Amino acid sequence: MSKVFALVDCNNFYASCERVFDPRLEGKPVVVLSNNDGCVVARSNEAKALGIKMGAPAFQLEDSFKKNNVTVFSSNYSLYGDMSERVMETLEQFTPDMEVYSIDEAFLSLKGIPPSEVTDYVRRIRATVCRWTGIPVSIGVGQTKTLAKAASKIAKNNPRTGGVFNITDHPEIDTLLDNMPVADVWGIGPRHEIFLKRFGIHTARQLRDAHDIWVRKHLTVAGLRIVFELRGVSCIPLEEMPMPKKGIMSSRSFGRPVEYLSELKEAMTTFVSRAAEKLRAQRSAAHILHVFLLTNRFKEDEPQYSNSATTVLPVSSSYTPELIRYAHTLLEILYKPGYRYKKTGVFLTEIVPENEIQTSLLVPGYPYKRNSEVMELVDRINARWGTDTVRYASEGIQRKWTMRRERLSPHYTTVWSEIPVVKA
DNA sequence: TCTGGGGTCCTAGGACCC
DNA sequence: TCTGGGGTCCTAGGACCC
């Protein structure tokens with residue numbers, strides 16, 4: 001039985017989330033900014049039509065925003081995370097075999113559906129997601145994940161498809177791939193694009209028809225997998241169980257330059273707390289802790305400094321106070337006065353399952369049980385009453401370094417606000 | 001004043017072992 | 001005269017994704 005994949009992709013996800021809760025924005029240009037209100041990370045179709053580019057720095061666009069009446073939001077990740085969960089729960093109603101690929105995308109397996117019914121089935125999925133969550137999606141269907149991705153792109157870019165495109169029953173797949181720039185193929189980034197074009201490969205079809213050996217040599221096995229997938233040979237399986245993360249990072253640019261070690265430590269306390277929460281959420285512990293800090297590379301007239309340091313823990317841990325201690329020690333080593341720092345962060349690696357922690361003979365009677373009970377309590381309180389209900393004194397009270405979020409929408413979906421009814 | 005924050009996988013090359 | 005070679009592990013760096 002041959003495979004059939006669907007890729008469900010939320011249209012302009014963050015912008016759509018904001019619009020669900022303010023229907024007056026329907027048909028109007030909306031953009032969402034990155035952390036620190038730095039650059040554009042999501043745009044409604046109307047904003048795209050104005051020529052606003054993904055990743056464009058916000059400060060360069062202020063005039064355009066004003067002139068064109070663009071509604072601008074700071075990013076509100078608790079809202080988007082919550083909406084994402086609703087979309088994914090809706091999709092789960094339609095198939096047990098599903099991979100949540102990112103905050104706004106999911107792959108579904110449709111292997112049980114008779115081929116002649118697949119397109120209708122997928123249209124029903126699209127309508128249901130829209131009715132239950134208010135989020136518009138595009139859905140592509142193909143024999144491989146790469147083809148499903150390509151199909152979803154066609155669905156999104158051609159309104160006449162009604163947001164759904166099934167490439168498996170299309171008679172002219174060659175023409176479709178002819179019309180797809182090679183850079184639009186999943187897994188082909190800017191470097192590969194430049195390289196491929198040097199060899200006359202400009203379209204998805206040309207890539208599909210390239211020679212295996214040549215592809216293997218220049219694009220490695222990852223490239224060869226893409227080529228096979230374009231030919232309809234499935235090489236990238238559905239990953240239904242999310243694999244535990246192998247590295248967990250938490251970092252943030254500051255809302256303004258930071259000069260003092262004390263403030264860097266405050267920020268670091270927050271980042272380590274976030275990272276350790278993620279660690280515990282997947283029931284694991286980290287053996288290695290990296291810390292980095294850097295100045296603002298865009299300020300060419302200011303002295304630049306960046307550095308990182310690593311420590312190996314005696315015993316893998318997810319205990320926040322311990323991780324904070326190590327991170328602060330590394331920060332003290334790295335810190336040099338006289339610089340204006342832009343960003344710092346922590347990266348946890350060598351992650352092992354909680355129940356496989358190797359105890360060290362040098363650390364007898366390590367106080368595991370009590371520590372993990374305390375952490376569990378903190379995590380439960382913060383999950384119920386909101387992040388930061390319980391936090392560490394060393395996170396500081398004033399927190400002047402926190403990111404700028406000057407255009408935040410209300411937290412519609414979290415604890416204290418009512419959830420508005422979405423009209424069908 | 002102002003330029004995101006996460007992640008994954010793959011390869012090459014060196015060290016080390018027998 | 002002759003100057004192994006294969007396996008494994010680790011690290012750094014590159015490329016990709018959203």
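Predicted model, so just to flag it, every value in this text is computed and none were measured. Order of the sequence lines fixes the chain letters, A, B, ..., with proteins taken first and strands second; residue numbering starts at 1 for each chain.
Qualifying side chain to side chain donor-acceptor pair (under 3.5 Å) partners for A:D184, counting only residues two or more places apart in sequence or in other chains: none. Under the side chain to side chain contact (heavy atoms under 4.5 Å, CB included) criterion, A:S284 pairs with A:L279, A:Q282, A:I351, not counting sequence neighbours. Looking at residues two or more places apart in sequence or on another chain, you find a side chain to side chain donor-acceptor pair (under 3.5 Å) between A:T168 and A:N166. Looking at residues two or more places apart in sequence or on another chain, you find a side chain to side chain contact (heavy atoms under 4.5 Å, CB included) between A:E332 and A:L261, A:K265. Residues meeting the salt bridge (Lys or Arg N to Asp or Glu O under 4.0 Å) test with A:R216, sequence neighbours left out: none. Every residue meeting the side chain to side chain contact (heavy atoms under 4.5 Å, CB included) condition with A:A148, not counting sequence neighbours, appears here in chain and number order: A:F5, A:L7.
Between the CZ atom of A:R340 and the P atom of B:dT3 there is a distance of 12 Å, given to the nearest Å. Following rounding to the nearest Å, A:H290 (NE2) and C:dA12 (P) show an atom-to-atom distance of 9 Å. Rounded to whole angstrom, the span from the CG atom of A:D301 across to the C1' atom of B:dC2 amounts to 14 Å. Look at CG on A:L61: it is 11 Å from C1' on B:dT3, rounded to the nearest Å. Atom CZ in A:R407 sits roughly 17 Å away from atom P in B:dT1 (whole-Å rounding). Rounded to whole angstrom, the span from the NZ atom of A:K299 across to the P atom of B:dT3 amounts to 8 Å. A straight line from OH of A:Y77 to C1' of B:dG4 spans 7 Å, rounded to a whole angstrom. Rounded to whole Å, atom C1' of B:dC2 lies 10 Å from atom CD of A:E406.
No contact: A:K217 has no heavy atom under 4.0 Å from any strand.
Listed by first and then second residue, the salt bridge (Lys or Arg N to Asp or Glu O under 4.0 Å) pairs involving residues 146-167 of chain A are A:D9-A:K156, A:E105-A:K149 (not counting sequence neighbours). Residue pairs that meet the salt bridge (Lys or Arg N to Asp or Glu O under 4.0 Å) test with at least one member in residues 283-293 of chain A, sequence neighbours left out, are A:R283-A:E354.
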Would you list the atom pairs, donor with acceptor, under 3.5 Å between side chains in residues 87-94 of chain A and any protein atom, with sequence neighbours excluded?
unit_1 : atom_1 : unit_2 : atom_2 : d
A:T90  : OG1    : A:R86  : O      : 2.8
A:Q93  : NE2    : A:E89  : O      : 3.2

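Separating the C1' atom of C:dG4 from that of B:dC17 is a span of 14 Å, rounded to the nearest Å.
At least one side-chain heavy atom of A:E229 sits under 4.5 Å from a side-chain heavy atom of A:I236.
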Restricting to nitrogen or oxygen on both sides, can you table the protein-nucleotides 5-11 of chain B pairs closer than 3.5 Å?
unit_1 : atom_1 : unit_2 : atom_2 : d
B:dG5  : OP1    : A:S253 : N      : 2.4
B:dG5  : OP2    : A:S253 : OG     : 3.2
B:dG5  : OP2    : A:K343 : NZ     : 3.1
B:dG6  : OP2    : A:S251 : N      : 2.3
B:dG6  : OP2    : A:S251 : O      : 2.1
B:dG6  : OP2    : A:R252 : NH2    : 3.3
B:dG7  : OP2    : A:M249 : N      : 2.4
B:dT8  : OP1    : A:K246 : N      : 3.2
B:dC9  : OP2    : A:K246 : NZ     : 3.2
B:dC10 : OP1    : A:R225 : NH2    : 2.7

Sort me out a list of protein N/O and nucleotides 16-18 of chain C N/O pairs below 3.5 Å, or just none if empty.
unit_1 : atom_1 : unit_2 : atom_2 : d
C:dC16 : OP1    : A:G189 : N      : 3.0
C:dC16 : OP1    : A:G189 : O      : 3.0
C:dC16 : OP1    : A:R191 : N      : 3.3
C:dC16 : OP1    : A:H192 : N      : 2.7
C:dC16 : OP2    : A:R191 : N      : 3.2
C:dC16 : O5'    : A:G189 : N      : 3.4
C:dC16 : O3'    : A:G187 : O      : 3.3
C:dC17 : OP1    : A:G187 : N      : 2.9
C:dC17 : OP1    : A:I188 : N      : 3.3
C:dC17 : OP1    : A:I188 : O      : 3.4
C:dC18 : OP1    : A:K149 : NZ     : 2.6
C:dC18 : O3'    : A:S102 : OG     : 3.1
C:dC18 : O3'    : A:D104 : OD1    : 2.8
C:dC18 : O3'    : A:E105 : OE2    : 3.2

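In the helix from B:dG5-C:dC18 to B:dC18-C:dG5, the terminal helix axes, each the rotation mapping four pairs' C1' atoms onto the next four within five end pairs, subtend 10°, rounded to 10°.
Separation of the A:Y14 and A:Y77 ring centroids falls under the 6.0 Å cut-off.
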